[in-house]
Amino acid sequence: MMATIWQVALDVPLPGPFDYSAPTPLAAQFGSEGGSEFNPIGNPIGDPIGRRVLVPWGRTQRIGLVTAVASESALAPERLRAVDRCLLDLDPLPSRWLELVRFAASYYQVGLGELALPAIPALLRSAQAYRAQKPRGGGPVERARTAWAQTAESVESARSVEPAPVPELTADQAAALESLVLDRGFRVHLLYGVTGSGKTEVYLRAIDRVLSRDPLAQALLLVPEIALTPQFVRTLQSRFPAWPPAVLHSALPEAERSSAWVAALEGRARLVVGTRLAVLAPLARCALIVVDEEHDPSYRQQEGARWSGRDLAVARGRIEQIPVVLGSATPSLETWHNAATGRYQRVDLPRRAVAQSILPAVRLIDMTRIKTAEGLAPQAVAAIEARLLRGEQSLIFLNRRGYAPVLACQSCAWVSSCPNCSVTLALHARMDSATRGWQLICHHCGHSDAVPRSCPACGEVDLAPLGRGTQRLEESIATRFPSARIVRIDRDTTRRRGSTEALLLTVRTGEVDILVGTQMMAKGHDFPRLTLVVVLGADSGLYSHDFRAPERLFATLLQVAGRAGRAEQPGEVLIQTRWPGHPLFAALRAQDYASFARGELHQREAAHLPPFAHQALLCADATAAATALEFLALAKTVLLPCESGRVVNANAIANPSANGLGLGLGLGAIRIAEPVPMPMARLAGRERAQLLLESSSRPTLQALLVRNLPALRALGSAHSKVHWHLEVDPLAI
Ligand code: ADP
Ligand code: ZN
Ligand code: ZN
């Protein structure tokens with residue numbers, strides 16, 4: 001018999017896919033076209049590729065995904081187990097979707113199942129839910145469909161609300177829209193538009209065009225933050241009432257996630273909006289992908305399979321042969337470089353959309369000569385006062401939550417530090433309890449301690465907070481401006497579901513005078529009454545071991561500056577710094593991203609850093625640093641001998657510039673550095689180390705990884721005390 005072996009991807013820490021024999025009898029299937037009824041005997045499955053299956057795994061059952069069929073298996077027939085059931089309650093996942101996850105798994109060097117299964121909502125891949133032969137009240141898919149129908153209905157009934165008026169495009173927007181190539185297959189566009197230039201309106205028009213010309217087409221819109229989804233959903237709902245958007249992000253209740261996911265697969269949802277994981281949504285007929293704020297680091301998945309949602313969006317565009325729009329005021333240097341070299345097409349929005357709105361004036365406050373107890377320079381205080389008098393809003397940006405980053409002894413060198421990580425414990429005021437208590441919290445592993453009454457090292461009682469976080473800032477501002485209405489927005493004040501939305505609403509409706517916020521505030525929000533932004537604590541990003549730190553700082557500052565003066569009143573940005581002469585600030589004051597990018601790219605090229613080199617990072621952790629480092633040293637020997645002569649052992653180059661290699665590698669060479677402890681060496685009780693691989697050629701690096709992954713995996717199994725993973729295109733090294 002032909003093709004009786006089904007290859008099944010499973011979310012297990014082994015590469016897979018795994019061979020199973022086809023289910024016998026074919027009767028053992030779940031669901032039918034009609035819905036949840038148990039399938040009658042003999043229902044033809046047809047092509048099983050892309051179907052979910054229930055399979056035995058050890059002594060349990062799991063749900064996997066059929067990725068291929070074969071006529072024979074390398075496994076001995078007696079070791080081959082049979083698929084228990086093929087789940088027919090849902091259409092097979094589209095072949096292009098399978099191609100996408102296959103590409104992603106191979107590019108990021110992770111098992112296909114590890115990447116593909118987590119992309120399926122938990123309810124639809126829980127063996128538990130499918131174990132019963134005949135579920136009551138419909139299976140998970142049935143319930144997801146019902147839930148979607150209800151969502152769509154409620155949107156329908158809310159339609160009585162006046163639909164949003166469609167603004168007339170500005171000349172810039174009209175020109176940008178016309179230069180998007182939306183009907184000729186795969187094209188990547190960089191929509192480079194200053195903050196407030198109206199990129200959203202261009203996305204909406206592009207979506208409208210693509211969905212209007214094909215009644216089955218779907219569009220995918222990616223946003224960097226969960227907090228930004230409600231804003232986009234509102235906009236989409238009022239603009240396109242006939243196309244209720246399906247929302248996908250990691251904080252959704254499972255039932256909602258299944259409902260949106262099934263609607264995307266079945267084409268009921270024409271619009272899909274979500275954070276990075278939505279790039280793996282199974283849209284059956286994806287016709288356009290928009291990635292808003294494409295530079296944002298949160299597009300990078302940092303746990304489990306590590307991948308970039310932005311890069312996968314481009315890969316998906318290529319696989320689906322559809323247009324992709326990447327939007328940003330501060331594109332990543334990788335994207336900027338791709339536009340400069342012609343791989344992406346750059347489309348500019350050089351001015352703000354609202355006619356009277358101009359970009360805010362950026363001023364630096366030299367803090368070297370200013371002593372302040374409360375952290376705000378007198379100029380900043382005066383500027384806030386002026387806003388209060390005029391009834392305008394101010395945002396004070398400090399990217400550090402908690403009361404203070406560290407508690408220190410005044411008499412000795414003791415500082416509060418995390419027992420599990422190589423960082424200090426931050427001091428937090430506990431706002432939840434009625435009695436205001438204090439707590440020391442690790443921002444990396446979550447470890448918390450009570451505040452000691454006296455110094456654990458010397459016994460002195462004068463422990464004091466050092467530095468300033470948003471809580472402390474909020475406190476001193478409340479003292480300074482007693483009549484002002486102040487709200488703090490950071491991860492501590494927005495833990496509850498929906499609380500961010502509620503806080504943002506108070507800002508939008510003008511119930512707030514002064515806003516204190518972290519990173520969360522920098523992105524995308526549109527507050528028409530906000531005319532002043534004061535930036536504190538920016539200096540830590542100026543000089544950093546991380547070569548991407550300036551890029552991130554520039555993006556954050558430009559974004560946060562972009563919150564000011566978005567409507568008619570002009571905005572002002574004050575940056576408190578001890579390095580007013582730093583070139584980054586010069587580019588920022590001129591709001592000149594292009595010149596900043598030019599300078600940075602120049603340095604990157606000279607130093608052979610991305611985007612001029614391609615990197616992979618092999619990360620290992622263990623309870624002892626030596627164990628992790630030894631593992632990486634062994635890994636290096638596994639990686640080294642492969643392509644004789646072409647892999648350069650950085651060790652062997654005593655004087656890199658003398659032998660003409662420099663850091664500049666011969667084309668296609670791979671440089672493997674020495675194993676070193678990670679910048680943050682200890683995390684959650686594990687000692688961490690890394691091994692950096694670099695090449696000027698992406699294919700060469702890819703080939704090396706593909707060829708040696710099995711050997712690395714074998715090495716990993718032989719060192720069970722070491723946890724390891726590979727990061728391709730790491731964001732931080
Ligand atoms: P960006 O995402 O580029 O920072 P937004 O899309 O948030 O900018 O738009 C900034 C502001 O300009 C919003 O308040 C938006 O309503 C307004 N806007 C955008 N396009 C137009 C237009 N064509 N006419 C009038 N106002 C517009
Ligand atoms: Zn002490
Ligand atoms: Zn910790």
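As the structure lists them, so they are numbered: ligands from 1, and atoms in each ligand from 1. Just so we're clear, the structure is a prediction, and the values are computed from it rather than from any experiment.
- Residue T170 has at least one heavy-atom neighbour below 4.0 Å for each of these atoms of ligand 1: 23 (N).
- Near A353, the atoms of ligand 1 lying under 4.0 angstrom from a non-hydrogen atom of the residue are 12 (O), 18 (N), 19 (C), 20 (N), 21 (C), 27 (C).
- The shortest N/O to N/O separation between E168 and ligand 1 falls below 3.5 Å.
- Counting only distance, with no hydrogens or angles, the side chain of Q393 and the backbone of V512 share a donor-acceptor pair below 3.5 Å.
- Between G193 and ligand 1 there is no heavy-atom distance shorter than 4.0 Å.
- In the vicinity of V194, heavy-atom distances shorter than 4.0 Å reach the ligand 1 atoms 3 (O).
- With rounding to the nearest 0.5 angstrom, the CG atom of D292 is 9.0 Å from the NE2 atom of H295.
- The Zn ion (ligand 3) has no N, O or S atom of H443 under 2.8 Å away, backbone or side chain.
- Between F596 and F554, the ring planes lie parallel to each other; the angle is under 30°, not in the 30° to 60° tilted range.
- Judged by the shortest distance from any of its heavy atoms, D292 lies outside the 4.0 Å radius around the atoms of ligand 1.
- At under 3.5 Å, not a single nitrogen or oxygen of E201, backbone or side chain, sits near a nitrogen or oxygen of ligand 1.
- Among the backbone and side-chain atoms of C421, an N, O or S atom lies under 2.8 Å from the Zn ion (ligand 3).
- Between W336 and Y593, the ring-plane angle classifies as perpendicular under the 30° and 60° cut-offs.
- In this structure a side-chain-to-backbone donor-acceptor pair under 3.5 Å is missing from Q237 to P244.
- Close N/O approach between P167 and ligand 1 is not found [any backbone or side-chain N/O within under 3.5 Å].
- Under the 3.5 Å distance criterion, with hydrogens and angles disregarded, no donor-acceptor pair is assigned to the side chains of T506 and R485.
- Of the N and O atoms on the side chains of E294 and S328, not one donor lies less than 3.5 Å from an acceptor on the other residue.
- Residues R352 and L359 meet the side-chain proximity criterion, which asks for heavy atoms closer than 4.5 Å.
- Residues L222 and A278 come closest through the heavy atom pair CD2-CB, 3.7 Å.
- Side-chain N or O atoms of R491 include none that pairs as donor or acceptor with a backbone N or O of R401 at under 3.5 Å.
- For the Zn ion (ligand 3), the N/O/S atoms of C442 include one lying under 2.8 Å.
- Angle SG(C455) to the Zn ion (ligand 2) to SG(C409), rounded to 10°: 110°.
- A donor atom on one side chain and an acceptor atom on the other are not found under 3.5 Å apart for N399 and T518.
- Those atoms of ligand 1 with a heavy atom of V354 less than 4.0 angstrom away are 12 (O), 17 (C).
- Both the backbone and the side chain of T200 come within 4.0 Å of ligand 1, counting heavy atoms alone.
- Those atoms of ligand 1 that come under 4.0 Å of a heavy atom in T195, given as number and element, are 4 (O).
- Heavy atoms from both the backbone and the side chain of S197 come within less than 4.0 Å of ligand 1.
- For G198, a nitrogen or oxygen atom sits less than 3.5 Å from a nitrogen or oxygen atom of ligand 1, counting backbone and side chain alike.
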